[in-house]
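The next block holds one structure in the form of structure tokens; read it before the comments.
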Amino acid sequence: GAGRAGPVEPCGTRDLPDRPELRETSLVRRRTLVVDEATIRHFAGLAGTRYPVHEDEHYAWAQGYPTILVQGLLLFLTQLFYAGVGPTGRAEMWFRRAVPAGSLLESCQSRTDPGVWAMRMVGNKEIAAIGRISSSRSTASGE
């Protein structure tokens, strides 16, 4: 279709948190997990998303992956669950590499900063994602 002529003006301000510093030697494994193909496909159905790299092995192979990939949101929600977050707080995750279905993962917590978590690939020790999770317990005013 016809586009708008001229440059696009920025709208709003960029407010992204800095990725936390992560000393891999500070990581302590809290859980080990495998996300299988059935879970990936089930999550796609629940989320209502349809991306071929998460559903079609042939497409994933054509992109250079050994099989379909785990969704970033599924990794993020899994990490939140393992961190035991409360009903309020803040969480961010930075993704560093693709995670093929069936990969053995470690959910790790930093000893030096307990709010920093990582999903690490067991086979090659590569960090797949880094998260910063802070739960805050708040009470309603007047209590």
Side-chain angles (χ1 to χ4, degrees), residues 1-140:
R4 196 175 117 189
V8 176
E9 295 182 27
C11 179
T13 59
R14 185 178 176 141
D15 184 22
L16 297 175
D18 291 330
R19 183 176 53 119
E21 292 298 317
L22 178 68
R23 289 187 20 241
E24 292 191 38
T25 57
S26 76
L27 292 178
V28 177
R29 183 181 70 239
R30 298 293 182 207
R31 306 263 188 204
T32 304
L33 65 140
V34 173
V35 182
D36 62 15
E37 291 181 19
T39 302
I40 294 166
R41 289 189 171 98
H42 183 69
F43 182 76
L46 290 173
T49 58
R50 295 284 178 249
Y51 297 104
V53 77
H54 303 301
E55 296 183 333
D56 182 346
E57 283 182 348
H58 296 289
Y59 179 85
W61 293 338
Q63 306 309 308
Y65 300 111
T67 187
I68 62 173
L69 301 179
V70 179
Q71 298 93 334
L73 182 56
L74 181 53
L75 285 178
F76 183 56
L77 292 172
T78 301
Q79 188 63 77
L80 287 174
F81 175 77
Y82 285 148
V85 298
T88 60
R90 180 176 177 148
E92 300 96 12
M93 185 168 266
W94 293 262
F95 300 96
R96 297 176 75 179
R97 73 175 316 279
V99 178
S103 298
L104 184 60
L105 297 168
E106 297 174 317
S107 171
C108 303
Q109 186 176 22
S110 170
R111 268 190 299 260
T112 55
D113 184 350
V116 174
W117 290 76
M119 282 284 193
R120 181 167 57 189
M121 310 283 287
V122 171
N124 58 16
K125 298 293 185 192
E126 286 186 28
I127 302 294
I130 299 170
R132 182 185 299 122
I133 300 170
S134 59
S135 291
S136 60
R137 306 277 185 226
S138 61
T139 59

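For the numbers below, each heavy atom of this structure counts, side chains included, while hydrogens, waters and symmetry mates do not. Treat the numbers as computed from the prediction; the structure is a model and nothing was measured. Numbers for residues simply follow the sequence, beginning at 1.
Closest approach of Ile127 to Arg96, counting heavy atoms only: O-CB, 3.5 Å. Across all their heavy atoms, Val53 and Tyr59 have their closest contact at N-CD2, 3.5 Å. Between Met121 and Pro100 the shortest heavy-atom distance is CE-CD, 4.1 Å. Across Phe95 and Ala129, no two heavy atoms sit closer than the pair CD2-CB, 3.8 Å. When all heavy atoms of Thr67 and Ala60 are compared, the pair lying nearest together is O-CB, 3.3 Å. Taking all atoms of both residues into account, the shortest heavy-atom contact from Arg97 to Asn124 is NH2-ND2, 4.3 Å.
At a threshold of 4.5 Å between non-hydrogen side-chain atoms, the residues Leu27 and Glu106 do not count as touching. In this structure, the side chains of Leu74 and Thr39 come closer than 4.5 Å at one or more pairs of heavy atoms. Side-chain atoms of Phe76 and Gln79, non-hydrogen and from C-beta on, never get closer than 4.5 Å to each other. Residues Met93 and Trp117 have side chains not in contact (no heavy-atom distance under 4.5 Å, counting atoms from C-beta outward). Residues Arg41 and Ile68 form a side-chain contact, since some pair of their non-hydrogen atoms from C-beta on lies under 4.5 Å apart. In this structure, the side chains of Leu73 and Thr49 stay at 4.5 Å or more apart for every pair of heavy atoms. Taking the side chain as every heavy atom from C-beta outward, Thr78 and Val35 never approach each other to under 4.5 Å.
The neighbour count for Arg29 CZ, taken as heavy atoms of other residues, nucleotides or ligands under 6.0 Å away, does not exceed 12.
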Next item on the list: Begin from the C-alpha positions of Tyr82 and Arg30 and carry the test side-chain contact (heavy atoms from CB on, under 4.5 Å) through to its verdict.
Entry: CA-CA 8 Å; Tyr82 285 148; Arg30 298 293 182 207; over 6 Å; no
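To the nearest 0.5 Å, atoms NZ (Lys125) and SG (Cys108) are separated by 7.5 Å. Within the model, atoms CZ of Arg120 and CD1 of Ile130 stand 11.5 Å from one another, a figure rounded to the nearest 0.5 Å. Expressed to the nearest 0.5 Å, how far CD1 of Ile133 lies from CG of Leu80 amounts to 5.0 Å. Taken from CD1 in Ile40 to CG in Leu69, the straight-line distance is 7.5 Å, to the nearest 0.5 Å. Taking CG of Leu33 as the start and OG of Ser103 as the end, the distance is 10.0 Å to the nearest 0.5 Å.
Judged purely by atom type and a 3.5 angstrom limit, Ser110 uses its side chain to pair as donor or acceptor with the backbone of Thr112. Distance alone, capped at 3.5 Å, places no donor-acceptor pair between the Arg23 side chain and the Arg111 backbone.
Listed by chain and residue number, nothing satisfies the salt bridge (charged side-chain N to carboxylate O under 4.0 Å, His left out) test with Glu24 (two or more places apart in sequence, or in another chain).
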